[in-house]
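Sequence lines set the chain letters: A, B, ... in the order given, protein chains first and strands last, and positions in each chain run from 1.
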Amino acid sequence: MSVIGLIDANNFYASIERAFAPELDRRALVVLSNNDGCVVARSPEARELKIPIGVPLFQIRHLLDRHNGVALSSHYTLYDDMSWRFQSCLEDFTPDIEHYSIDEVFVKMPLSSLRSLSETGHEMRRQVRALTGVPVSVGFAETKTLAKIAIEIAKKSTRANGMVNLTGSPYRDEALSRVAVENVWGCGRMYSALLERNGIKTALDLRNADEEWIRKRMTVVGARIVQELRGIQCIPFEPTPKVKQQLCVSRSFGSATESLHDLRAAVAFFTSRVAEKLREHRLLAGELSVFVHTDRFKDVPQYANSARLSVAPKSDSTLELLPLALKGLDAVHREGFQIRKAGVILNDLELADCAPRRLWDAALYELHKRLMGVVDALNIKFGKDTVRCGLFPNSGAWRTRFERRSPAYTTDWRQLMTAH
DNA sequence: TCTGGGGTCCTAGGACCC
DNA sequence: TCTGGGGTCCTAGGACCC
């Protein structure tokens, strides 16, 4: 028997930007999506201003200006690096760690340490804060869904001081009654609307709901949520990550384009990136898709299409995937449409070590493998795009814009902080 | 002017097989 | 007149997550 812990960074991206630029403290700060499009993270001060996640920058710019707020471009290389740093801190507390997302970690704690669990939780918070500058909240409970409830309370209640332990707690029903059903893990917009229409308004209502009814309306997914709220583990703790089923690289363009030349450059860029990911995960892909679409927010002729191509034999070589991707692009391209977004998706993935040996082109593929290995090594050592396929320009209207970017404090020697 | 990116799981229905 | 039944696999679409 053990307890599930959840450690969740508060306003992760905003907190990171602040950790490196203390002058941003106490100012409303938002971090923007690609192309500086919309808000993906915000500081508590920005939340106070009622700036929602997902709102486009242009709608809140006046609000930020009026309150001396700041908007920054997102900086995922930095966030990924900081994620690794903060999650590594937990290794001092338990060997059982599940890296759930960029800003959340599940841990499994042995029951023997139960008495000191709350103490441990507070110690985790102190340690992460001290080593990374990022504030985190901690929740403990019997299941993942309940640990999520604990975190909800930990973040809202000032008395909790960032840590709530619901394990065997007499306070559990009250905690459940204080969390709206829309904030229960797994209850999105559609499900919470359905539940509310039927008088199920809080996590407590959901826990006490009729399971058969839930199953009928929300499939087994809903039934699992109910079970988890009752303290029965249905969502497993998964310390080793599952093998991916799909890899995707896609972007909205800096500005829309009609030019096939531009689109080819974009698709070539996406293909290189997704192939890098593929090799990083030591996978081969058996299927490649290319998609394009126009700007759904604009009143222009709309067009969306995708093409699927089989990769045979399965491959991880950019040089083999690129011609296929370009063939896919030719298949979906139509004259006269302003394309705003495109992407490349790889499916039918298989671990490279498990794949059968190539028969007729084994020697050529060995060459590809060695070449890709060298390219990847150079790009890791000297930065992205140090070496790339030179047939296509690496610039153009399609390139993502980042006009408000902070320095790469931890991942680029040239951008280290300076102390005065 | 300006609206993200990358994933997972579940189900219903159709094709196909014996 | 009479028109099976059971199984598998695949896909599209919908819901959710961060």
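Residues of residues 56-72 of chain A having a heavy atom closer than 4.0 Å to DNA chain B, listed by number: A:Pro56, A:Phe58. Residues from residues 247-279 of chain A that place a heavy atom under 4.0 Å from any atom of DNA chain B, listed by number: A:Leu247, A:Cys248, A:Val249, A:Ser250, A:Arg251, A:Ser252, A:Lys277.
Projected onto DNA chain B by closest heavy-atom contact, A:Lys244 and A:Lys298 fall at different nucleotides, the more 5' of which corresponds to A:Lys298. Judged by closest nucleotide on DNA chain B, A:Ile53 is the one of A:His281 and A:Ile53 placed further toward the 5' end.
Proximity note for A:Arg189 (side chain, C-beta onward) versus C:dC16, C:dC17, B:dT8: the nearest is C:dC16. Proximity note for A:Gln245 (side chain, C-beta onward) versus B:dG4, B:dC9, C:dA15: the nearest is B:dC9. The nucleotide whose nearest atom lies closest to any side-chain atom of A:Lys242 is, among B:dT11, B:dC2, B:dC9, B:dC9. Closest contact between the side chain of A:Lys148 and the listed nucleotides C:dC18, B:dC9, B:dT3 involves C:dC18. The listed nucleotides are C:dT11, C:dC16, C:dC18; the one nearest the side chain of A:Arg308 is C:dT11. For A:Ser101, the side-chain atoms get nearest to C:dC18 when compared with the rest of B:dT8, C:dC16, C:dC18. For A:Tyr100, taking side-chain heavy atoms from C-beta onward, the closest of the listed nucleotides B:dC10, B:dG4, C:dC17 is C:dC17. Distance from the side chain of A:Arg340 is smallest to B:dT3 among C:dA15, C:dC18, B:dT3. Relative to the side chain of A:Arg224, the nucleotides B:dC10, C:dC17, B:dG7 differ in distance, and B:dC10 lies closest. The nucleotide whose nearest atom lies closest to any side-chain atom of A:Met190 is, among C:dA15, B:dT8, C:dC18, C:dA15.
Ring geometry for A:Tyr100 against A:Phe106 counts as perpendicular: the plane angle is over 60°, on a 0 to 90° scale with 30° as the lower cut. Taking the six-membered ring where the residue is Trp, A:Trp398 and A:Phe270 present perpendicular rings, their angle passing 60° and hence far from 30°. Taking the six-membered ring where tryptophan is involved, the planes of A:His293 and A:Phe291 are essentially parallel, since the angle between them stays under 30° and well short of 60°.
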In dot-bracket, 5' to 3', how would DNA chain B read with Watson-Crick or G-U wobble pairs under 3.5 Å, [ ] for crossing ones and | for pairs to another strand? ....||||||||||||||
Please step through side-chain contact (heavy atoms from CB on, under 4.5 Å) for the pair A:Asn34 and A:Ser74, ending with a clear verdict. CA-CA 7 Å; A:Asn34 281 350; A:Ser74 51; 4.1 Å; yes
Give the C-alpha distance, both sets of side-chain angles, the deciding distance and a yes or no for side-chain contact (heavy atoms from CB on, under 4.5 Å) between A:Glu320 and A:Val311. CA-CA 9 Å; A:Glu320 289 183 328; A:Val311 185; 6.0 Å; no
Are A:Lys144 and A:Leu6 close enough, and set up right, to give a side-chain contact (heavy atoms from CB on, under 4.5 Å), and what steps lead you there? CA-CA 8 Å; A:Lys144 285 185 169 180; A:Leu6 173 60; over 6 Å; no
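Of the possible polar contacts, none joining the A:Gln227 side chain to the A:Cys234 backbone as a donor-acceptor pair under 3.5 Å is found.
Taking a 6.0 Å sphere around CZ of A:Arg358, one finds it holds more than 12 heavy atoms contributed by other residues, nucleotides or ligands. In this structure, A:His261 places its NE2 atom where only 12 or fewer heavy-atom neighbours from other residues, nucleotides or ligands lie under 6.0 Å away.
For A:Phe297 and B:dT1, the CZ to P distance is 15 Å, given to the nearest whole Å. With rounding to whole Å, A:Gln246 atom CD is found 13 Å from C:dA12 atom P. Spacing between atom CD1 of A:Ile16 and atom C1' of C:dC18 amounts to 14 Å, rounded to whole angstrom units. Per the geometry, CG belonging to A:Asp299 stands 13 Å off P belonging to B:dC2, to the nearest Å. A:Leu206 has its CG atom 13 Å from the P atom of C:dC16, to the nearest Å. As rounded to whole Å, 18 Å separates atom C1' of B:dC10 from atom NZ of A:Lys216. In this entry the distance linking CG of A:Asn347 with C1' of C:dC10 reads 13 Å, nearest Å. Atom CH2 of A:Trp185 and atom C1' of C:dC18 are 11 Å apart (whole Å).
Side-chain contact check for A:Ile151 versus A:Ser137: some heavy-atom pair is nearer than 4.5 Å.
Comparing C:dG4 with B:dC16, their C1' atoms sit 16 Å apart, to the nearest whole Å.
Defined by atom type and a distance below 3.5 Å, a donor-acceptor pair is missing between the side-chain atoms of A:Arg308 and A:Asn347.
As judged by a 4.0 angstrom heavy-atom cut-off over every strand, A:Asp36 is placed among residues making no nucleic acid contact. Residue contacts for A:Val55: at a heavy-atom cut-off of 4.0 Å it reaches no nucleic acid atom on any strand shown.
The cationic group of A:Arg399 lies under 6.0 Å from the six-membered ring centre of A:Phe269 and within 45° of the ring axis, placing it in a cation-pi geometry.
To the nearest 0.5 Å, the span separating CD1 on A:Ile7 from CE on A:Met163 amounts to 11.0 Å.
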